[in-house]
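These values consider heavy atoms only, across backbone and side chains, with no hydrogens, waters or symmetry-generated copies. Remember, it's a predicted structure, so these values are computed and weren't measured experimentally. Chain naming here is simple, since letters A, B, ... match the order of the sequence lines and numbering starts at 1 in each.
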Protein chains: 2
Amino acid sequence: MTAARSRDRATWGTVREELRARGMRWTPQRRQILQVLAATDGHITGSELLERCRKLDPATTPSTVYRTLDVLEELGVIRHSHGLDGREEFHVQPVAEHGHLVCSSCGASREIDAAQAAPIARAFRRTHDFDIFLDHLTLAGRCAACRAAQAG
Amino acid sequence: MTAARSRDRATWGTVREELRARGMRWTPQRRQILQVLAATDGHITGSELLERCRKLDPATTPSTVYRTLDVLEELGVIRHSHGLDGREEFHVQPVAEHGHLVCSSCGASREIDAAQAAPIARAFRRTHDFDIFLDHLTLAGRCAACRAAQAG
DNA sequence: CGCCTTACTGCAACTCGTCGCAGTTGCATC
DNA sequence: GATGCAACTGCGACGAGTTGCAGTAAGGCG
Ligand SMILES: [Mn+2]
Ligand SMILES: [Mn+2]
Ligand SMILES: [Zn+2]
Ligand SMILES: [Zn+2]
């Protein structure tokens, strides 16, 4: 984990106040989930998060973890996209908005930043009057290496 | 269901020979699944297919249906993309290759045809040497109506 | 037609995730 | 510090989908 990629301490600390401001509660379970997320770089699935929480507290239950992920996404603290298998993958914030480009053959994954996605967003805005959510975008396809390997 | 959108009788009929050619077998279960798919317009999920098969034969089992979907996708008879919830949605062939544009707020969905996707495909081919699979693409976002509704 | 190989089916157990409900607890207020 | 309300947790049942395995049957061949 690098400081550049994860929410800094001060930002994570505001979650408690963001919850209170909405009439929601700060519980030991939520504190622990946030602690694990703060130590996570990049992406994490619900079941991975559950597993890591259970290392700290084996009594952690699935429903609490999944419901907390929903709450945190409503607050904007995390966002999700989907892997090739369709499972949700959560991003900790405030990483720059980005999509993913994944090779169906080898699983290699690259991020698509806002600049790269801008032409696509503009095209659908113009032709369909539709705003694309880059954070939710996963493009599947075949990378150069896999295309070359199969070409023979 | 319209003739224009579903695989015609002759094309569905070739599936039996395509299976045989690969050393696979033509079974009553597969015949029935294909019968349901032939009567399906547009998209269908695995559990929807299971449910429809069970109307014809209540003894239909999940594993056979899901495994048959895998086989048919390998043969190229169907393809899948993912709904906003991540679940697989199968397309019967030979519908023209297309992606989807789905509004996260109201669920409205439009198809993206090859012509509309061509600029995107070209861009990623050029900048990342990566071939996009249009059939697998689902773009999430917000439609004009929902944007207007929320603007106030 | 009957045999044999092996693809396939159905089952049971499992994973991931969701949901209603009853009991618990955060936290605001006095 | 005690009280009370509602948000939250944990439970148990459930839905969707996957997988190993043992028994079944498709279909090629004699
Ligand atoms: Mn997929
Ligand atoms: Mn999603
Ligand atoms: Zn690859
Ligand atoms: Zn909409």
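- The side chain of B:Pro62 approaches D:dT18 more closely than any other nucleotide in the set C:dT9, D:dT18, D:dC8.
- Ring geometry for A:His100 versus A:His98: interplanar angle over 60°, hence perpendicular rather than tilted (30 to 60°).
- No close placement of the B:His80 and B:His91 rings is indicated, their centers lying 6.0 Å or farther apart.
- Minimum atom distance to the side chain of B:Thr27 is reached by D:dA26, of the listed D:dA26, D:dG27, D:dG17.
- Across the protein-nucleic acid pair, A:Gln32 atom CD and D:dC8 atom P stand 18 Å apart, rounded to whole Å.
- Of the two residues near DNA chain D, A:Trp26 and B:Thr45, the one whose nearest nucleotide lies more 5' is A:Trp26.
- The closest side-chain heavy-atom distance from B:Asp57 to B:Gln29 is not below 4.5 Å.
- In this structure, A:Gln35 places its CD atom where more than 12 heavy-atom neighbours from other residues, nucleotides or ligands lie under 6.0 Å away.
- Base engagement by B:Ser63 is indicated by at least one non-hydrogen atom pair under 4.0 Å involving a base atom.
- Ionic pairing of A:Arg79 and A:Asp135 is present here: one or more N-O contacts between side-chain nitrogen and carboxylate oxygen are shorter than 4.0 angstrom.
- Taking every side-chain heavy atom of A:Met24 into account, D:dA7 is the closest of D:dA7, C:dT9, C:dC16.
- In the set D:dG10, D:dC8, C:dA7, the nucleotide with an atom closest to the side chain of B:Arg25 is C:dA7.
- Per the geometry, CG belonging to A:Asp85 stands 9 Å off P belonging to C:dG17, to the nearest Å.
- At a non-hydrogen distance threshold of 4.0 Å, B:Tyr66, B:Arg67 from residues 65-73 of chain B come into contact with DNA chain D.
- Taking five base pairs at each end of the helix from C:dC1-D:dG30 to C:dC30-D:dG1 and finding the rotation axis that steps the C1' atoms of four pairs onto the next four gives two axes whose angle is 10°, to the nearest 10°.
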May I have the step-by-step check of side-chain contact (heavy atoms from CB on, under 4.5 Å) for B:Phe124 and A:Ile120, ending in yes or no? CA-CA 11 Å; B:Phe124 284 98; A:Ile120 303 177; 3.5 Å; yes
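- Side-chain polar atoms of B:His43 and B:Glu48 form no donor-acceptor pair below 3.5 angstrom.
- For B:Arg20 and C:dT5, the CZ to P distance is 21 Å, given to the nearest whole Å.
- By the 4.5 Å heavy-atom criterion applied to side chains, A:Trp26 and A:Leu34 are counted as neighbours.
- Across the protein-nucleic acid pair, B:Leu50 atom CG and C:dT9 atom P stand 14 Å apart, rounded to whole Å.
- With 3.5 Å as the limit, one finds no donor-acceptor pair spanning the side chains of A:Arg30 and A:Thr64.
- Between the CG atom of A:Leu19 and the P atom of D:dT9 there is a distance of 10 Å, rounded to whole Å.
- Side-chain to base pairing of A:Thr61 with D:dC11: no donor and acceptor N or O lie closer than 3.5 Å to each other.
- Atom CZ of B:Arg16 is separated from atom C1' of C:dA7 by 16 Å (rounded to the nearest Å).
- Protein atom NE2 of B:His80 is 18 Å distant from nucleotide atom P of D:dA16, rounded to whole Å.
- For the pair A:Arg30 CZ and C:dG26 P, the interatomic distance rounds to 12 Å; values are reported in whole Å.
- Between B:Gln29 and C:dG10 there is a side-chain N or O to OP1 or OP2 distance below 4.0 Å.
- For B:Arg142 (side chain) and B:Arg147 (main-chain N/O), no donor-acceptor pair under 3.5 Å exists by modelled atom type.
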